[in-house]
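Below is one structure; the comments refer to it alone.
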Protein chains: 2
Amino acid sequence: MRRDVFQAIADPIRREIIELLATETLSVNEVAEKFEISRPAISKHLKILNECGIIDFNQIGRERLCLIQPQKLIPAFLWIKQYHKLWEDRIDSFENYIYQIQTKNDKK
Amino acid sequence: MRRDVFQAIADPIRREIIELLATETLSVNEVAEKFEISRPAISKHLKILNECGIIDFNQIGRERLCLIQPQKLIPAFLWIKQYHKLWEDRIDSFENYIYQIQTKNDKK
DNA sequence: TATAAGAGTAACCGTTCGGTTACGCAAATT
DNA sequence: AATTTGCGTAACCGAACGGTTACTCTTATA
């Protein structure tokens, strides 16, 4: 059972949960109400998010509030960011290519 | 069969393949040699990466060169980046908190 | 005190995942 | 022409995924 940030954000429902919790803190039931799937299914998704630290629970009476811990996304962010330079260079060279074509056309 | 960037980079072997191909273009066999698992397994991973556009193939005779298309990572990058502000604010407020404690101690 | 509400969990189920071995086929080499 | 090399793919397998329903427990409410 792999349990890391990459695997956590691979599921579209879990990404939606993160999006929800980024704007407001919700209880488990409040999260579940936003989706078509059953509450236990949501409970499982929340458990996975909790196991890799992306959310924390704050128990208030019989309710559990889900708090996002966005800094847990940083490793995934940094991994992708490595390639930022790579794709920026590509885009740059594409722009250069376009520029050269335009220059060539101008010369005609 | 979901096939998107998030799912593609969820697997650690596929991330390693991306890391390899970011520095050099390799043939399918050359990629496979870098791993413990079988060549067909690598072939499957490459197929998945290709299906979501992260790599392209360039057939040269009987060899297939794997070319990375890093710009295909941009959507995932942007998705995580949304929360950049969120975790920066958290870190800022943590720093403020530390600052306040230090200030308090200074006053003592 | 009986009942309702919030939420975890177990048991189950079909599908997907990630690996294997075995095979086939085209291109290169001998 | 025969053989080796590069690589895709099919068939298979066990494990993990993502969902369900049914049950339980605790806390709040009537």
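Order of the sequence lines fixes the chain letters, A, B, ..., with proteins taken first and strands second; residue numbering starts at 1 for each chain.
Put simply, CZ on Phe35(A) is 13 Å from P on dT20(D), counting in whole angstrom units. Counting to the nearest Å, the P atom of dA7(C) and the CD1 atom of Ile55(A) are 12 Å from each other. When the P atom of dA28(C) is taken as reference, atom CD1 of Ile60(B) falls 10 Å away, rounded to whole Å. In this structure, Ile42(B) atom CD1 and dC17(C) atom P are separated by 17 Å, rounded to whole Å. Protein atom CG of Asp11(B) is 12 Å distant from nucleotide atom P of dC17(D), rounded to whole Å. Here dG18(D) presents its C1' atom at 12 Å from CD1 of Ile17(A), a figure rounded to the nearest Å. Between the P atom of dC17(C) and the CZ atom of Phe6(A) lies a distance of 18 Å, rounded to the nearest Å. If you measure from atom CD of Glu51(A) to atom C1' of dC17(D), you get 13 Å, rounded to the nearest angstrom.
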Check: Can you check side chain to side chain contact (heavy atoms under 4.5 Å, CB included) on Lys34(B) and Leu26(B), steps first, answer last?
Finding: CA-CA 11 Å; Lys34(B) 310 266 186 178; Leu26(B) 297 171; 4.1 Å; yes
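In this structure, of dG19(C), dG19(D), dG8(C), it is dG19(D) that holds the atom nearest to the side chain of Ala41(A). Comparing dC17(C), dC7(D), dT20(C) against the side chain of Ser38(B) picks out dT20(C) as the nearest. Closest approach to the Pro40(B) side chain among dG18(C), dG8(C), dT20(C) is made by dT20(C) (side chain taken as heavy atoms from C-beta onward). Of all nucleotides listed (dG18(C), dT20(D), dC7(D)), dC7(D) comes nearest to the side chain of Val28(B).
Between Arg14(B) and dG18(C) there is a side-chain polar atom (N or O) within less than 4.0 angstrom of OP1 or OP2. Taking side-chain N and O atoms only, Arg64(A) has no distance below 4.0 Å to OP1 or OP2 of dT27(D). Proximity of Ser43(A) to the phosphate of dG8(C): a side-chain N or O atom is located under 4.0 Å from OP1 or OP2.
For Arg39(B) against dG8(D), a side-chain-to-base donor-acceptor contact under 3.5 Å is present. In the interface, the side chain of Lys47(B) is not paired with the base of dG8(D) through any donor and acceptor atom under 3.5 Å apart. Taking 3.5 Å as the limit, the base of dG8(C) and the side chain of Arg62(A) contain no donor-acceptor pair of atoms between them.
Proximity of a side-chain donor or acceptor of Glu24(A) to a complementary backbone N or O of Leu21(A) within less than 3.5 Å is not detected. The backbone N or O of Ala10(B) sits less than 3.5 Å from a side-chain atom of Arg15(B), completing a donor-acceptor pair.
Between Glu63(A) and Lys44(A), the residue anchored nearer the 5' end of DNA chain C, judged by the nucleotide with its closest heavy atom, is Glu63(A). The nearest heavy atom of DNA chain D to Ile48(A) and to Gly61(A) marks one nucleotide each, and the one closer to the 5' end goes with Ile48(A). A residue-by-residue look at Gln59(B) and His45(A) shows that Gln59(B) has its nearest nucleotide of DNA chain D further toward the 5' end.
Within 4.0 Å of Gln7(A), counting heavy atoms only, lie sugar-phosphate atoms of the nucleic acid but no base atom.
For Glu36(A), the CD atom counts as loosely surrounded, since its 6.0 Å shell holds 12 or fewer non-hydrogen atoms of other residues, nucleotides or ligands.
Ring centers of Phe77(B) and Phe77(A): under 6.0 Å apart, within the cut-off.
At a cut-off of 3.5 Å, with distance as the only test, no side-chain donor of Trp87(A) or Gln69(B) sits close to an acceptor on the other residue.
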